[in-house]
Amino acid sequence: MFEDSTFESGGKIKTKSGRWMMFTGIINGSILLLLIVLPLIYPEALPKAAMLTSLTVPPPPPPPPPPPPPPEVHVVHVQSEMMNNQLTAPTRIPHDIKMVAEKEAPPSTGFGVAGMEGLGGGGVPGAFANMANSAPKVQAAAPKKVAISAGVAQGMLLQKTIPVYPPIAKAARVSGTVILQATITKQGTIENLKVVGGPAMLQQSAIDAVKTWRYRPYLLNNEPVEVETTINVVFTLGGG
């Protein structure tokens with residue numbers, strides 16, 4: 001008997017709990033649905049502070065200032081004096097018309113282009129031409145010394161003495177080119193000989209030979225001038 005009462009009471013408890021849960025779910029769902037649908041139907045029910053922050057639109061920017069008015073242009077109407085001194089036509093035509101002879105042209109003063117025969121050469125241009133011809137001509141002074149290359153100096157050579165091959169250099173089998181720096185005078189002679197390079201055994205023989213060389217004078221503006229140049233003296237054992 002105790003067992004039957006226990007089982008019967010357990011079934012009643014389960015039935016009451018299920019109904020209560022179903023009732024509670026229906027109520028909660030209704031409240032949630034009401035909270036969702038109510039703002040859509042009555043927007044006035046929302047808080048005003050939230051509506052103002054969400055729906056307030058910033059004011060439009062102020063319009064740009066109007067452009068400045070254009071400057072006034074004052075037009076001044078200038079009336080010519082001739083408007084006040086207008087020529088009026090004669091009221092009647094005279095019967096006797098006198099011919100007014102033209103005044104004679106003034107005599108020529110003699111300063112015209114055609115009247116300058118006395119100055120020579122046909123007027124003012126001729127006078128200036130004579131002054132230009134009578135002016136002294138200034139010529140640029142020729143330089144005292146001109147530098148030329150060894151090839152140009154070789155073409156000016158008139159007299160060449162073959163240098164003597166030194167026996168000591170020939171015995172030592174020494175050969176080469178002696179380079180000399182020299183000044184060719186206006187008469188074509190050699191001055192200021194200096195050794196620039198070359199074998200030492202051959203330098204004196206080259207100097208002795210080049211001193212006797214003669215050149216054609218170098219002309220600049222048809223005037224002979226001194227020239228500075230280099231002279232190459234070649235020593236070869238085969239031609240010694």
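With rounding to the nearest 0.5 angstrom, the CZ atom of Arg214 is 10.5 Å from the CG atom of Leu158. The CG atom of Leu180 lies 8.0 Å from the CD atom of Gln203; values are rounded to the nearest 0.5 Å. Of the inter-residue distances, the one linking Met201 atom CE with Lys170 atom NZ reads 14.5 Å to the nearest 0.5 angstrom.
Two residues are said to be in side-chain contact when any heavy atoms from C-beta on lie closer than 4.5 Å; Leu32 and Asn28 fail this criterion. Put simply, the side chain of Ile148 reaches to within 4.5 Å of the side chain of Met156, judged on heavy atoms. In this structure, the side chains of Ser205 and Phe235 come closer than 4.5 Å at one or more pairs of heavy atoms. Counting only heavy atoms from C-beta outward, the side chains of Ile184 and Tyr218 never approach each other to under 4.5 Å. Side-chain contact between Val227 and Tyr215: absent, with no pair of heavy atoms (C-beta onward) separated by less than 4.5 Å.
What you find for Pro217 and Pro224 is that their closest heavy atoms are CB-CB, 4.2 Å. Contact record, Gln159 with Thr212: NE2-O, 3.8 Å, taken as the closest heavy-atom pair. Nearest heavy-atom pair across Val174 and Leu237 is O-CD2, 4.0 Å. Across Thr229 and Ser149, no two heavy atoms sit closer than the pair OG1-O, 3.3 Å. Looking at every heavy atom in both residues, Ala150 comes nearest to Thr230 through CB-O, 3.3 Å.
Here Ile26 pairs with Met22, Ser30 under the side chain to side chain contact (heavy atoms under 4.5 Å, CB included) rule; sequence neighbours left out.
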In residues 186-198, what donor-acceptor pairs under 3.5 Å come from side-chain atoms, sequence neighbours left out?
| unit_1 | atom_1 | unit_2 | atom_2 | d |
| --- | --- | --- | --- | --- |
| Thr189 | OG1 | Thr185 | OG1 | 2.7 |

